[in-house]
Amino acid sequence: MQNRLRQLPQIQRLLESPPAVLLIHEFGHDDVTQAIRDRLQEIRTAIIAGDDAAEGLDPHSGFFHDIAVRLSGKRDITLTSVINATGILIHTNLGRARLAPEAIKAVQDVAENYSTLELDLETGHRGSRQDHVAAQICALTGAEAAMVVNNGAAAIMASLTALASGKQVVISRGELVEIGGSFRMPDIILQSGAELKEVGTTNKTHLSDYEMAITEDTGLLLKSHTSNYKIVGFTSSPGRRDLSDLSNRHRLPLVEDLGSGVLIDLASYGLPDEPVISDVLASGVDLVTFSGDKLLGGPQAGIIAGKRALIERILKHPIARAVRIDKLSLSALCATLDLYRAPNRPVERIPVLQALSETLETVKKRAGRLAAQIGALDGLDTQLVHTVARAGAGSLPQQDLPSFAVALTCSDCSAQELSRRLRAGSMPVIGRISQDRLLLDARTVADAEVSQVAQMVLSAMRA
Ligand SMILES: *Cc1c(COP(=O)(O)O)cnc(C)c1O
């Protein structure tokens with residue numbers, strides 16, 4: 001053993017060998033040195049353990065091939081596009097909303113060039129990055145003032161920190177939400193330096209519960225959209241107008257975390273009634289927060305809109321700088337918001353809204369095309385099935401969106417295995433498993449992706 005250990009070459013000698021020189025040229029000195037060091041250590045460990053496999057670990061044969069594979073593997077970019085066939089439109093794990101072409105173009109423009117991010121072209125002086133979107137948001141929501149931050153969680157965090165730190169935040173027990181990714185309202189309130197003052201019960205909270213909780217220590221009243229659950233049955237909570245009257249009487253801000261929130265009434269497209277932001281503000285809520293990449297259909301962003309005096313306090317607070325939005329998201333948000341302005345028809349231009357408002361007939365046709373392109377394959381049963389798609393990411397809770405999927409059953413592999421093969425393809429396709437079948441839901445697949453999905457199913461069956 002000692003002998004074999006002693007025979008291992010020195011790192012320096014390996015680094016000077018011709019194959020190493022080539023690798024250094026491609027991957028850099030540091031990474032190659034580290035990879036060689038790691039590999040030698042593995043061989044050493046194997047020899048010491050008396051591992052038979054150590055026999056095959058000759059540092060001369062195949063050694064550099066192994067290093068090269070390792071280095072290129074390390075270089076693989078893991079954040080890549082996939083096809084969403086889950087039927088969940090706004091899927092946080094898959095990057096939520098796809099951007100409209102106009103938004104993509106805006107991002108590219110700002111990424112490629114210097115920009116007016118914080119420059120006022122007229123005066124030549126420093127401008128605010130907030131100016132690019134504030135007016136658009138105000139026009140679309142009727143708010144007096146608006147600002148944007150990094151994401152929805154940051155929007156509520158910044159609002160509470162600037163407006164209620166050291167004070168109590170009064171919120172109904174029925175609205176202490178937890179949404180994915182460890183966003184829990186009680187924790188956010190605590191982190192903002194405020195104190196949680198929960199009122200009412202899980203199912204019923206009365207105006208008097210809020211009223212009795214208000215003291216001189218109260219900082220604000222908070223409402224939260226119960227994004228991913230519904231309390232049904234024997235329930236009640238005061239309306240926004242009553243809460244607004246109460247908060248006005250006590251000169252306290254009423255803040256509402258809308259989660260998704262929509263800029264336009266989706267009910268007019270046969271879609272359920274999500275609180276429309278302008279209605280919420282008109283009913284007396286002083287400040288609302290919502291996400292840019294949920295039903296709005298833009299990039300990751302958090303929007304705060306409402307009373308000017310409140311927005312100014314948040315903008316002045318140091319937290320605003322810590323959660324500020326980056327230029328790429330900002331440009332995508334500007335372009336997306338622009339698509340909401342007349343004469344544009346956002347439902348036709350913004351991918352999330354397009355997919356949401358598509359008729360069942362259209363979805364069924366697409367599913368049919370997919371099934372036809374997959375065709376008859378040995379060992380694969382393909383069926384068109386009626387499914388239920390979802391908006392996802394805490395939007396339109398419990399709201400079923402009727403949809404169609406191609407259900408795949410593989411005769412000699414499980415649905416899990418088929419799903420794994422589709423994830424491993426050159427264009428990963430993400431479906432969902434139901435009753436031992438793999439469903440490829442057509443509501444979230446774009447027309448242009450249909451033939452690619454079919455191709456990927458064919459290669460998965462050959463695998
Ligand atoms: C989604 C959501 C958030 C968080 O928004 P992100 O953009 O994911 O940070 C906060 N509150 C509610 C009610 C939500 O639904």
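Here, residue 1 is the first one in the sequence, and each next residue gets the next number. Read the numbers this way: they start at 1 and go in the same order the structure lists the ligands and their atoms.
Residue contacts with ligand 1 include Asp257, since one or more of its heavy atoms lies under 4.0 Å from the ligand. Residue-ligand proximity: Val177 is placed with every non-hydrogen atom at 4.0 Å or more from ligand 1.
Contacts of Glu417 classified as salt bridge (charged side-chain N to carboxylate O under 4.0 Å, His left out), with partners at least two apart in sequence or in another chain: Arg420, Arg421.
A distance-only check finds no donor-acceptor pair linking the side chain of Ser244 to the backbone of Arg240 [under 3.5 Å]. Formation of a donor-acceptor pair under 3.5 Å by the His225 side chain with backbone atoms of Phe290 is not found in this model. In this structure, the side chain of Glu144 engages the main chain of Arg308 through a donor-acceptor pair within 3.5 Å. Listed for the Glu211 side chain is no donor-acceptor partner under 3.5 Å among the backbone atoms of Leu246.
For ligand 1, the atoms closer than 4.0 angstrom to any heavy atom of Phe183 are 10 (C), 11 (N). Close approach of ligand 1 to Arg96 (heavy-atom distance below 4.0 Å) involves ligand atoms 6 (P), 7 (O), 8 (O). Against a heavy-atom cut-off of under 4.0 Å, Ser291 is close to the following atoms of ligand 1: 5 (O), 6 (P), 7 (O). Ligand 1 places these atoms under 4.0 Å from at least one heavy atom of Ala153: 4 (C), 5 (O), 6 (P), 9 (O). Atom numbering of ligand 1 starts at 1 in the shown order; those under 4.0 Å from a heavy atom of His225 are 13 (C). Every atom of ligand 1 with a heavy atom of Lys294 under 4.0 Å away is listed here by number and element: 1 (C), 2 (C), 3 (C), 5 (O), 14 (C), 15 (O).
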Do Val445 and Leu370 pass the side chain to side chain contact (heavy atoms under 4.5 Å, CB included) test, and can you show the C-alpha distance, the side-chain angles, and the key distance before you say yes or no?
CA-CA 10 Å; Val445 175; Leu370 176 58; 5.7 Å; no

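Considering backbone and side-chain atoms alike, Ile179 places every N or O at 3.5 Å or more from each N or O of ligand 1. Not a single N or O atom of Ser224, backbone or side chain, sits closer than 3.5 Å to an N or O atom of ligand 1.
Between Arg98 and Glu449, at least one side-chain nitrogen of the basic residue sits less than 4.0 Å from a carboxylate oxygen of the acidic one, meeting the salt-bridge criterion.
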